[in-house]
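Presented below is the structure to which this report refers.
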Amino acid sequence: MSIARPLHASRFAGARWLVLAPHADDETLGAGALIAETAAAGRFAGTIYLTDGAGSHDDGGTWLARLRHREAALAGRRLAGADAPRPVFLDWPDAHPHQPGSADWRRTVRRLAALFRARCVDAVAVTGAEEPHCDHAACHALARAALCVSRRPVTLFDYRVWTDPALPPARTTLTTRAIPPGQRRHALLAHRSQTSAAYGPGFRLARAAWRMPSRDVLHLSRIADAR
């Protein structure tokens, strides 16, 4: 049976954490409390997004990708403060992940591994491999591939956004400190394109998803290799 330990009392309390999110809004839904806690401690290395966000609306395109980038930056500031690192977008197309082994896949793996080194990352939080959305599963696979070539000891944790609640926790889990519900909701509302009809027909985050927990649960997926 897994018993979650507080992140601040674990050996990962002093780690530099990076959040890898499939889409702009997943960082708040699944790792908002982690971002707030690590930023307050000066241990937040930033957020990297897999997709460009251009495909969430019927009339999407470059304009929507630019909007989603701005929304993500605002959400980051609402979670991590005015000095939050600017988000990085890998700009994969929504719901059309590159195939493992393809040229685009290998190029992204190299870029992600370089970011791990440049930002002195010790721990990465990413969506779990069991998440039903193809971008969420691809994000996890990509993180694992990048860790293998990063030439840096980085530990991988999963956070869950759309995972079946019946899925048991990992043997080792950590919990963050509680984040004020208003702060997390404020960050989510930065993603106006996903939470309102302001930009026409397209994806709308269900209101039930707005009821986010005060703490994040992080599931140990891959322990760092000694290098």
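Note that these values count all heavy atoms, side chains included, but never hydrogens, waters or copies made by symmetry.
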Task: Same cluster (ILVMFWY, side-chain, under 4.5 Å), Leu218 and Val19 - done: yes
Open item on the list: Is it the case that over 12 heavy atoms from other parts of the model lie below 6.0 angstrom from the CZ atom of Arg204?
Closed with: yes
Task: Same apolar cluster: Ile223 and Leu147, side chain cutoff 4.5 Å - done: no
Open item on the list: Has Arg5 got a side-chain atom pairing as donor or acceptor with Thr175's backbone, closer than 3.5 angstrom?
Closed with: no
TODO: Just jot down the side-chain contact (heavy atoms from CB on, under 4.5 Å) partners of Pro100, sequence neighbours excluded, or say none.
DONE: Trp105
Using residues 32-47 as the side-chain source, report each donor-acceptor pair under 3.5 Å to any protein atom, sequence neighbours left out, with the distance given to one decimal.
{"residue": "Glu37", "atom": "OE1", "partner": "Arg177", "partner atom": "N", "Å": "2.6"}
{"residue": "Thr38", "atom": "OG1", "partner": "Leu34", "partner atom": "O", "Å": "2.8"}
{"residue": "Thr38", "atom": "OG1", "partner": "Ile35", "partner atom": "O", "Å": "3.4"}
{"residue": "Arg43", "atom": "NE", "partner": "Gly14", "partner atom": "O", "Å": "2.8"}
{"residue": "Arg43", "atom": "NE", "partner": "Ala15", "partner atom": "O", "Å": "3.3"}
{"residue": "Arg43", "atom": "NH2", "partner": "Gly14", "partner atom": "O", "Å": "2.1"}

Task: Cluster check Leu174, Leu20: I/L/V/M/F/W/Y, side chain < 4.5 angstrom - done: no
TODO: Please report the shortest heavy-atom distance between Ala75 and Ala187, naming the atom on each side.
DONE: CB-O, 3.5 Å
Open item on the list: With a 3.5 Å distance limit and no angle check, can you tell me whether His191 reaches the backbone of Leu189 through a side-chain donor-acceptor pair?
Closed with: no
Open item on the list: I'd like to know if the side chain of Arg144 reaches the main chain of Ser221, judged simply by a donor and an acceptor atom lying under 3.5 Å from each other, with no hydrogens or angles considered.
Closed with: yes
Task: Side-chain (Trp17) to main-chain (Ala13) donor-acceptor, under 3.5 angstrom - done: no
Open item on the list: Just so I know, are the side chains of Val217 and Tyr159 near enough to count as touching, which here means a heavy-atom distance under 4.5 Å?
Closed with: no
Task: salt_bridge(Arg192, Asp25) N-O dist < 4.0 Å - done: no
TODO: Taking the side chain as every heavy atom from C-beta outward, state whether His57 and Pro201 have any pair of such atoms under 4.5 Å apart.
DONE: no
- [ ] With sequence neighbours excluded, tell me which residues meet ring pair (Phe, Tyr, Trp, His ring centres under 6.0 Å) with His133.
- [x] His23, His136
Open item on the list: Ignoring hydrogens, what is the shortest heavy-atom contact between Leu64 and Ser56? Give both atom names and the distance.
Closed with: CD2-OG, 3.5 Å
TODO: Return yes if some donor-acceptor pair links the side-chain N/O of Glu131 with the main-chain N/O of Trp162 below 3.5 Å, else return no.
DONE: yes
Open item on the list: As a quick check of understanding, evaluate side chain to side chain contact (heavy atoms under 4.5 Å, CB included) for Leu167 and Arg160, giving each step before the final call.
Closed with: CA-CA 10 Å; Leu167 186 73; Arg160 297 177 178 178; 3.6 Å; yes
- [ ] Could you walk me through whether Asp216 and Leu7 pass the side chain to side chain contact (heavy atoms under 4.5 Å, CB included) test, one step at a time?
- [x] CA-CA 10 Å; Asp216 296 330; Leu7 170 59; over 6 Å; no
Task: Check: Arg68 and Tyr49 side chains under 4.5 Å, non-hydrogen atoms - done: no
TODO: Return the minimal non-hydrogen interatomic distance between Ser193 and Leu67, and the atom names on each side.
DONE: CB-CD2, 4.0 Å
Task: side-chain contact (heavy atoms from CB on, under 4.5 Å) against Ala103, all qualifying residues, sequence neighbours excluded - done: Arg106, Arg107
Task: side chain to side chain contact (heavy atoms under 4.5 Å, CB included) evaluation trace for Val109 with Leu112 - done: CA-CA 5 Å; Val109 166; Leu112 195 53; 5.9 Å; no
Task: Leu205 side chain near Leu29 side chain, heavy-atom distance below 4.5 Å - done: yes
Task: Residues in ring pair (Phe, Tyr, Trp, His ring centres under 6.0 Å) contact with His140, at least two apart in sequence or another chain - done: none
Atom pairs and distances, side-chain donor-acceptor, residues 76-92, under 3.5 Å, sequence neighbours left out:
{"residue": "Arg78", "atom": "NE", "partner": "His186", "partner atom": "NE2", "Å": "3.2"}
{"residue": "Arg78", "atom": "NH1", "partner": "His186", "partner atom": "O", "Å": "2.7"}
{"residue": "Trp92", "atom": "NE1", "partner": "Thr108", "partner atom": "OG1", "Å": "3.0"}

Open item on the list: Treating Asp94 as the side-chain partner and Ala54 as the backbone partner, does any N or O pair qualify as donor plus acceptor under 3.5 Å?
Closed with: yes
- [ ] Verify, without hydrogens or angle tests, whether Asp135 (side chain) and Pro22 (backbone) share a donor-acceptor contact under 3.5 angstrom.
- [x] no
Open item on the list: Are Val161 and Val124 connected into the same hydrophobic cluster when the rule is that any two of I, L, V, M, F, W, Y join if their side-chain heavy atoms are below 4.5 Å apart?
Closed with: no
Task: Minimal non-hydrogen separation, Leu188 against Met212, with atom names - done: CD2-CE, 3.8 Å
TODO: Keeping the roles fixed (side chain from Asp104, backbone from His98), state whether a donor-acceptor pair exists under 3.5 Å.
DONE: no
TODO: Please tell me if the side chains of Asp122 and Thr155 come closer than 4.5 Å, counting only heavy atoms from C-beta onward.
DONE: no
Task: Within 45° cone and under 6.0 Å: Arg66 NZ/CZ vs Trp63 ring - done: no
- [ ] Supply the atom-to-atom distance Leu115 CG to Cys120 SG, rounded to the nearest 0.5 angstrom.
- [x] 12.0 Å
Open item on the list: Closer than 3.5 angstrom, by distance alone: can the side chain of Arg184 be matched with the main-chain N or O of Thr28 as a donor-acceptor pair?
Closed with: yes
TODO: Indicate yes or no: at least one non-hydrogen side-chain atom of Arg222 is less than 4.5 angstrom from one of Cys148.
DONE: yes
Open item on the list: Do Leu50 and Leu156 land in one hydrophobic cluster if side-chain heavy atoms of ILVMFWY residues count as linked below 4.5 Å?
Closed with: yes
TODO: Using atom types as modelled and distance alone, determine if a side-chain donor or acceptor of Arg152 lies under 3.5 Å from a backbone N or O of Val121.
DONE: yes
